[in-house]
Structures are given as structure tokens and as C-alpha cells.
Amino acid sequence: MSVLMAPVKDGKIVETDSQNSLKKAKSSDNNGMDKDAFLQLLVAQMQYQDPLEPTSNTEYISQYAQFSQVEQMQNMASTSELARATSLVGKEVYIKTTDSKGDPKLLYGKVDYVVFENNKAYLAIDESLYALEDLDTVVDLDYKNAFDKAYDFTVALNKLPVVGGIDLSYAEDIDKLEKIYNEMTDYEKSFLTDENVNKLKKYIEKLKEVREAAGIKPDGDGSEEKPDTEGSEGTEGAEGV
């Protein structure tokens, strides 16, 4: 795996989230004792053994058995890692990465495919690879959509002034929030706090009072219909004539 392009900032190459993840995965590989290193140690032991007190065949057989066990365990771990990574294809996930300052952050995306190289699995998200070990959370799409919808709803609700400060200039915002809430499923509504639901009801009641005080009646589609004062005056003028 090689990266052909990298962003440049202030004349310096900035590592991407993917590059940070791959570097960390490679570093963890170098720190581990794999079967090749085990075999090299065994060969070195045979080569530099004391000729006056050579290692017995029994010890060699025992060490070879240990080597076989290590190899089998690594093969099982690789198979398990590949199976785990493959099961994530098509899933929405959060990946642990770091920003340019080295501070931890989470990257969200969908796993498009899996790359398996040197007994390690890498998740491909938006054509960038991330080590499986950097996986933080697997998210159900319905859950995320409901969470995001409730979050946006709460943010918009908190932008409104106190209930007593509501006037007709906030009518469109309140009507929009009421429409969003009414169109939410029960599952989506479960992400809202009772406090915010009650707050919305107070805004709706207050807006209704403001409209009644202004003589405004809502029409069928929720838009405001102003009283036809001009028509009334015209009728009175006609009667006078």
C-alpha cells in the first residue's frame, strides 16, 4: 500500500488520517514477535550452540512444536481478523484517528471494502485505508439518522428566545419544528428529551396566542392567512353606495 498524494500546509506535508492509521498499524507489527522471528531464533540457537554440550533432539522437537503452535495461533488470529473485517463491509463506523496537532478525533464513514495484507486487515472508507485496530464504534444507520435528526431539532429549538419573547417573526421557525416533530417516528421521538418536547408545546401555544391577538388564522397547509381588511372596507363602501 502506498500513498501517492498528500496534503501540503505551510510548505510541509501533512499526514492524512489514513496515513496515521497505517503508520500506527505498521509500528505495532514491528513491535511484535511473529513466527519468522521465532524461527530465526531457533536457527541461531542451533548455529551457535556449545559443541561440547549440544542441544538434544528432544529439545529441538519441543521447540519445533512450540513454533508450530505459534504459527497455528497466528493463522487463527489472521482468519478471525479477516472475518471480523469482512463482516463490517457496508456498515457505518467511527474510526479513531488524530488531527494535525496529534489530538484524538473520530472519523465517520461507510466501509466500502476490506484489504488484507501481511496478515492484517484494513478498512477502506472513501478510498482511504484504516487499520482494523483503530475501529471505535459500529453504528446502525437508522440509529445515527435518528440521533442526528434529534440533535438538529434540539439545536434549532435552543436558538429560539424564551417563550415570553415569541412574536410573529418566529412563526416560520416554530411551524417548521412542529412539522418535523409530527413527522418523526416513535423511534426518532425517543431521542428527544421530555423537556424539549414540552418546550416545543409551549412555543406552539404561545404562537397560537400571538396569532389570535393579531387576528391571523392559519390556513390548511400551516401558512398564515391575514384578515381581509381591504375586502371588508370595500364591501362597506359598496353598501354605502
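This is a predicted model, so every value here is computed, not measured. No hydrogens, no waters, no symmetry mates; every other heavy atom, side chains included, goes into these values. When a residue number appears, it is its place in the shown sequence, counting from 1.
Side-chain contact between L132 and L88 is present, with heavy atoms from C-beta onward closer than 4.5 Å. No side-chain heavy atom of E92 sits under 4.5 Å from any side-chain heavy atom of D140. Residues I125 and K110 fail the side-chain proximity criterion, which asks for heavy atoms closer than 4.5 Å. Put simply, the side chain of Y94 does not reach to within 4.5 Å of the side chain of L107, judged on heavy atoms.
When the side chains of ILVMFWY residues are joined at heavy-atom separations under 4.5 Å, either directly or via intervening members, V138 and V114 end up in a single hydrophobic cluster. Under the 4.5 Å side-chain heavy-atom criterion for ILVMFWY residues, a single connected hydrophobic cluster contains both I204 and V197. Residues V139 and F147 fall within the same hydrophobic cluster, defined by Ile, Leu, Val, Met, Phe, Trp and Tyr side chains chained together at heavy-atom separations under 4.5 Å. Side-chain heavy atoms closer than 4.5 Å link hydrophobic residues (I, L, V, M, F, W, Y) into clusters, and following such links, possibly through other members, connects L141 to L106. Residues M184 and Y187 are members of separate hydrophobic clusters, defined by side-chain heavy-atom contacts under 4.5 angstrom among Ile, Leu, Val, Met, Phe, Trp and Tyr.
Between L200 and E178, the shortest heavy-atom contact is CD1-N, 4.3 Å.
Between the CG atom in D194 and the NZ atom in K199 there is a gap of 13.0 Å [rounded to 0.5 Å]. Atom CG of L135 is separated from atom OH of Y130 by 13.0 Å, given to the nearest 0.5 angstrom. Note that the CG atom of L168 and the CD1 atom of I216 stand 4.5 Å from one another [nearest 0.5 Å]. Distance check, rounded to the nearest 0.5 Å: OG1 of T154 to CG of N196 gives 4.5 Å. One finds the CD atom of E205 at 10.0 Å from the CG atom of L207 (value rounded to the nearest 0.5 Å). Atom OH of Y170 sits about 7.5 Å away from atom CG of L160, to the nearest 0.5 Å.
In this structure, a donor-acceptor pair under 3.5 Å is absent between the side chains of S128 and D126. Side-chain N/O atoms of Y181 and E188 include no donor and acceptor closer than 3.5 Å.
For the pair K149 and F191, the NZ or CZ position fails the cation-pi test of under 6.0 Å to the six-membered ring centre and within 45 degrees of the ring normal. The cationic atom of K208 (NZ for Lys, CZ for Arg) does not lie both less than 6.0 Å from the six-membered ring centre of Y203 and within 45° of the ring axis.
Open room surrounds NZ on K179; 12 or fewer heavy atoms of other groups in view lie less than 6.0 Å from it. Applying the 6.0 Å contact sphere to OH of Y113 captures more than 12 heavy atoms from other residues, nucleotides or ligands. More than 12 non-hydrogen atoms from other residues, nucleotides or ligands lie less than 6.0 angstrom from CD of E212.
Paired with L123 under the rule side chain to side chain contact (heavy atoms under 4.5 Å, CB included), one option of L129, I95, D112, D134 passes, and it is I95.
Ionic pairing of R211 and D175 is present here: one or more N-O contacts between side-chain nitrogen and carboxylate oxygen are shorter than 4.0 angstrom. Of the charged side-chain nitrogens involved, none lies within less than 4.0 Å of a carboxylate oxygen, so that K176 and E172 do not count as a salt-bridged pair. Taking 4.0 Å as the cut-off between side-chain N and carboxylate O, E133 and K120 count as a salt-bridged pair.
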